[in-house]
Amino acid sequence: MLGKTREQWLEALPLLKPLTEATPLWWLNPNRIPTAKALPDLPLQMADMMAASRRLDRFAPYLAQVFPELKVSEGIIESPLRAIPRMQQGGETFFMASLPGQLWLKLDSHLPVSGSIKARGGIYEVLAHAETLALHGGLLHPDDDYRVLDTPPARAFFSQYRIEVGSTGNLGLSIGLMGARMGFQVTVHMSQDAREWKKDLLRERGVTVREYASDYSLAVASGRRESALNHASYFVDDENSQSLFLGYAVAALRLKEQFQEAGIAVNADHPLMVYLPCGVGGGPGGVAFGLKMVFGDHVHCFFAEPTHSPAVLLGLLTGAHDAVCVQDFGLDNCTAADGLAVGCPSGLVCTMMKPLLAGAYTVTDEMLFQLLAMLDETEDLQLEPSALAGMPGPFQLMGLPETTQWLAEQKLQEKMHQATHLVWATGGSMVPASEMAGYLAKAAEPSPAT
C-alpha cells in the first residue's frame, strides 16, 4: 500500500473510515480540472477515439452479416436512449428528494449480441485483434469488404489463434461470443462471482470456461499467465487495455447523435450529469473519457460502486491507483452486483479519470434490489443488480448536504432545472427469466433488522 499501513491511511484520509466500514458515501474529486487543460497529459486523445469509431464502421457490414440482430442497424452496435419519468417520480418518493431536470436511461443493458456495456469494448477489442492478424496474414487488405472474414478460410485462419480473458461475467460473454463466432479458440477465466447462466451460454457457443474459487483479480492473473505461455494467444487485459477503453469511448459519439434526435441540449445552461456503474473501471472510464471529449466541461460523470467493492474510488481517493485493493482495507469484495465485484482498480482508468471524473459514490446491495424492483414496476424494465448502481446518483446529488454544496460551488444549482440526468444501465436483457424472478423475489424480502 505504497509504504503506508492501513492505520496511517485512515489517519491521513478520514473518508476512508466509512468506506472501510461499507457505509454508503459520496466522494467529490478534488483533482478535477478543465477538460482542455487535462487533455495534453492524457495517454489517449480524441484522434484515438475517432480511429476506433472508423474501425467499427469498417466492420459494420461483417457484423450485420454474422449477427441477424444487427441487420436492422446495418452492423452498428448501439443501445436505445429512453426517458423514464415514472421512475423519476418513484425515485423522488423513495429518496425524499426532488429531482429537477429530466431522468433518462441509456440502455446498454439491451446492446445487441451480448446484452451489456461490455459489448462495446469487448467486441471492439476482438475485432481490432482480428483485423491486425488478418492484415498481417494477407487474409485482408485495407480496401476489402470486411465480409470476407465471414468465410471458411477466414475462420480456419483465426482458429490457429487463442484469445483469453479474465471476467466476472459480462466481459467474458462479449469476448467469448464474438471470438468464437470469428473462429478463435477462446478461454474465459471466470471468478466466483460470475453467474452460472453466463458460463453455460459461453460453453454452448464453444468457449472454454475456467472457474476459480476466488475473486476477479485471481481469474485475471491466471488468464494472463496462461496466455503468456502460448505465442499464439492474445490476452484481453481488462485492467490495462487501451483497445477496450476506446471501444467504450465511441459510445459518446453515438450518444451525441441520439441527443440531437431527441432534442436534448448539452451546453453551459443545460448540464449533462451521467451516472456509471463501475467495476475495474474500463467501461465507465472509456464512456466518461468519450463524453468529456464530446461535451467538454458541460458533462459531469460520476462512478457508482458497491459498498463492498469500491475499487476505483479507493484508488482515486488514496492516489495509489492500482497499488491498493479493497481487501487491504478489510473489505471482502462480496456483492450481488457480480459485474462490479472487483477488488483492484485499473491503473489506466485511474490515470485517465483523475483529472476528468466529477466524483464517485457507493451503494448497498439492498438498495440495488429495491431499485431493480422499482424500475420493473414503474417502467417495465428488467436489469441485473449491477446495472442499478447508477440510479441513486441523481436523487442523492440533489438531496445530500455535501453534493448540494458541490453543485453550488460549481455554479450548477441554478441550472439543474434544465439538466439531463443520464443513468447508464449496463446489463440485464440476457438474464434468464428464472434468474430475474429470483432478483425480484429478493427485492421483496423484508430488510434486515438494524
Side-chain angles (χ1 to χ4, degrees), residues 18-19 21-26 82-99 103-110 116-117 169-170 193 195 273-279 284 302-310 313 331-341 360-400 403 421-429 431-450:
L19 193 73
E21 294 171 346
T23 300
L25 57 80
W26 272 73
R82 173 171 163 177
I84 47 172
R86 292 180 296 278
M87 184 67 183
Q88 184 168 349
Q89 294 172 357
E92 288 181 325
T93 301
F94 181 81
F95 289 100
M96 295 184 290
S98 175
L99 181 61
L103 183 64
W104 290 76
L105 199 61
K106 184 67 170 113
L107 287 165
D108 273 13
S109 50
H110 291 65
S116 82
I117 189 174
N170 285 341
D193 315 285
R195 309 301 296 180
M273 323 301 287
V274 183
Y275 312 88
L276 294 144
C278 181
F302 301 91
F303 285 177
E305 297 182 279
T307 52
H308 285 250
S309 306
L313 196 164
L331 292 168
D332 58 14
N333 192 32
C334 293
T335 172
D338 58 302
L340 311 183
Y361 60 93
T362 59
V363 56
T364 65
D365 281 8
E366 179 186 1
M367 181 171 287
L368 295 178
F369 283 110
Q370 289 172 322
L371 295 172
L372 183 151
M374 187 186 302
L375 187 66
D376 174 67
E377 181 180 349
T378 59
E379 302 285 351
D380 192 27
L381 280 170
Q382 294 78 42
L383 305 181
E384 59 187 8
S386 59
L388 273 301
M391 196 63 74
F395 305 97
Q396 293 179 346
L397 184 69
M398 299 307 304
L400 297 176
T403 51
H421 297 273
L422 182 61
V423 173
W424 215 276
T426 48
S429 64
V431 174
S434 59
E435 190 96 357
M436 186 58 67
Y439 290 152
L440 293 170
K442 177 74 173 175
E445 293 177 1
S447 300
T450 57

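Index from 1, following the sequence.
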*Asks:* Judged by modelled atom types alone, do S309 and N333 share a side-chain donor-acceptor pair under 3.5 Å?
*Replies:*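 Their side chains do contain a donor-acceptor pair, which is all the 3.5 Å distance test asks for.
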
*Asks:* As an exercise, state the distance from CG of N170 to CG of D108, rounded to the nearest 0.5 Å.
*Replies:*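 Atom-to-atom, N170:CG and D108:CG are 11.0 Å apart.
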
*Asks:* How long is the span from the NZ atom in K442 to the CD atom in Q370, to the nearest 0.5 Å?
*Replies:*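 Reported value, rounded in 0.5 Å steps: 11.5 Å.
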
*Asks:* Check the pair F95 / M367 against side-chain contact (heavy atoms from CB on, under 4.5 Å), numbers first and verdict last.
*Replies:* CA-CA 11 Å; F95 289 100; M367 181 171 287; 3.8 Å; yes

*Asks:* Minimum heavy-atom separation for L313 and E305, please, with both atom names.
*Replies:*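 Smallest heavy-atom distance, with atoms named: N-OE1, 2.8 Å.
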
*Asks:* L25 vs L19, test: side-chain contact (heavy atoms from CB on, under 4.5 Å). Steps then yes/no.
*Replies:* CA-CA 7 Å; L25 57 80; L19 193 73; 3.8 Å; yes

*Asks:* Can you name the closest pair of heavy atoms from P284 and P277 and give their distance?
*Replies:*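 The answer is CG-O, 3.4 Å.
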
*Asks:* Quick check on side-chain contact (heavy atoms from CB on, under 4.5 Å): which of I84, V423, L422 does W104 satisfy it with?
*Replies:*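 Of all the options given, the one that passes is L422.
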
*Asks:* A side-chain contact here means heavy atoms from C-beta on lying under 4.5 Å apart; do T307 and V363 qualify?
*Replies:*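 Result no, sub-4.5 Å side-chain heavy-atom pair not found.
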
*Asks:* Mind checking whether Y439 and L383 have side chains closer than 4.5 Å, heavy atoms only?
*Replies:*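 No; the side chains remain at least 4.5 Å from each other.
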
*Asks:* I need the C334 SG to H308 NE2 distance, nearest 0.5 Å.
*Replies:*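 Reported to 0.5 Å precision, the distance equals 8.0 Å.
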
*Asks:* So do L381 and R82 actually touch side chain to side chain, heavy atoms under 4.5 Å?
*Replies:*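 In short, these two side chains touch, coming nearer than 4.5 Å.
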
*Asks:* Return the CD to CG distance between Q382 and L372, rounded to the nearest 0.5 Å.
*Replies:*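 Atom-to-atom, Q382:CD and L372:CG are 8.5 Å apart.
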
*Asks:* Can you see which heavy atom on P310 is nearest to which on T362, and at what distance?
*Replies:*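 That closest heavy-atom pairing would be CB-CG2, 3.9 Å.
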
*Asks:* Would you compute the distance between atom OG of S116 and atom CD of E384 and round it to the nearest 0.5 angstrom?
*Replies:*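 One finds 7.0 Å between OG of S116 and CD of E384.
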
*Asks:* Side-chain contact, heavy-atom cut-off 4.5 Å: P392 with L371?
*Replies:*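 Of all side-chain heavy-atom pairs linking L371 with P392, at least one is under 4.5 Å.
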
*Asks:* Write down the atom of F303, the atom of C278, and the distance for their closest heavy-atom approach.
*Replies:*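 Heavy-atom minimum between the residues: CD1-SG, 3.7 Å.
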
*Asks:* Would you say T403's side chain and L397's backbone share a donor-acceptor pair under 3.5 angstrom?
*Replies:*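 Here the side-chain-to-backbone pair exists.
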
*Asks:* Which pair of heavy atoms, one from A341 and one from T335, lies closest together, and at what distance?
*Replies:*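 For A341 versus T335, the nearest heavy atoms are CB-CG2, 3.7 Å.
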
*Asks:* So W424 and I117, side-chain contact (heavy atoms from CB on, under 4.5 Å) or not? Walk me through it.
*Replies:* CA-CA 9 Å; W424 215 276; I117 189 174; 3.9 Å; yes

*Asks:* Set out, in order, the CA-CA distance, both residues' side-chain angles and the distance that settles side-chain contact (heavy atoms from CB on, under 4.5 Å) for F395 and L103, then state yes or no.
*Replies:* CA-CA 10 Å; F395 305 97; L103 183 64; 4.0 Å; yes

*Asks:* Can you confirm whether more than 12 heavy atoms, excluding those of E377, are under 6.0 Å from its CD atom?
*Replies:*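 No, because the 6.0 Å sphere around CD of E377 holds 12 heavy atoms or fewer from other groups.
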
*Asks:* Can you confirm whether L105 sits close enough to M391 that some side-chain heavy atom of one is under 4.5 Å from a side-chain heavy atom of the other?
*Replies:*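 Yes, close enough: below the 4.5 Å cut-off.
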
*Asks:* May I ask you to decide if R86's main-chain N or O and E379's side chain share a donor-acceptor pair within less than 3.5 Å?
*Replies:*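 It does hold such a pair.
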
*Asks:* Relative to each other, are the rings of F302 and Y275 parallel, tilted or perpendicular (30° and 60° limits)?
*Replies:*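 Answer is parallel, since the angle falls under 30°.
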
*Asks:* What are the two closest heavy atoms between A389 and L340, and how far apart are they?
*Replies:*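 Smallest interatomic distance, heavy atoms only, reads CB-CD1, 3.9 Å.
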
*Asks:* Looking at CD of E435 and CG of L440, how far apart are the two atoms once the value is rounded to the nearest 0.5 Å?
*Replies:*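 Result: 11.5 Å between the selected atoms.
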
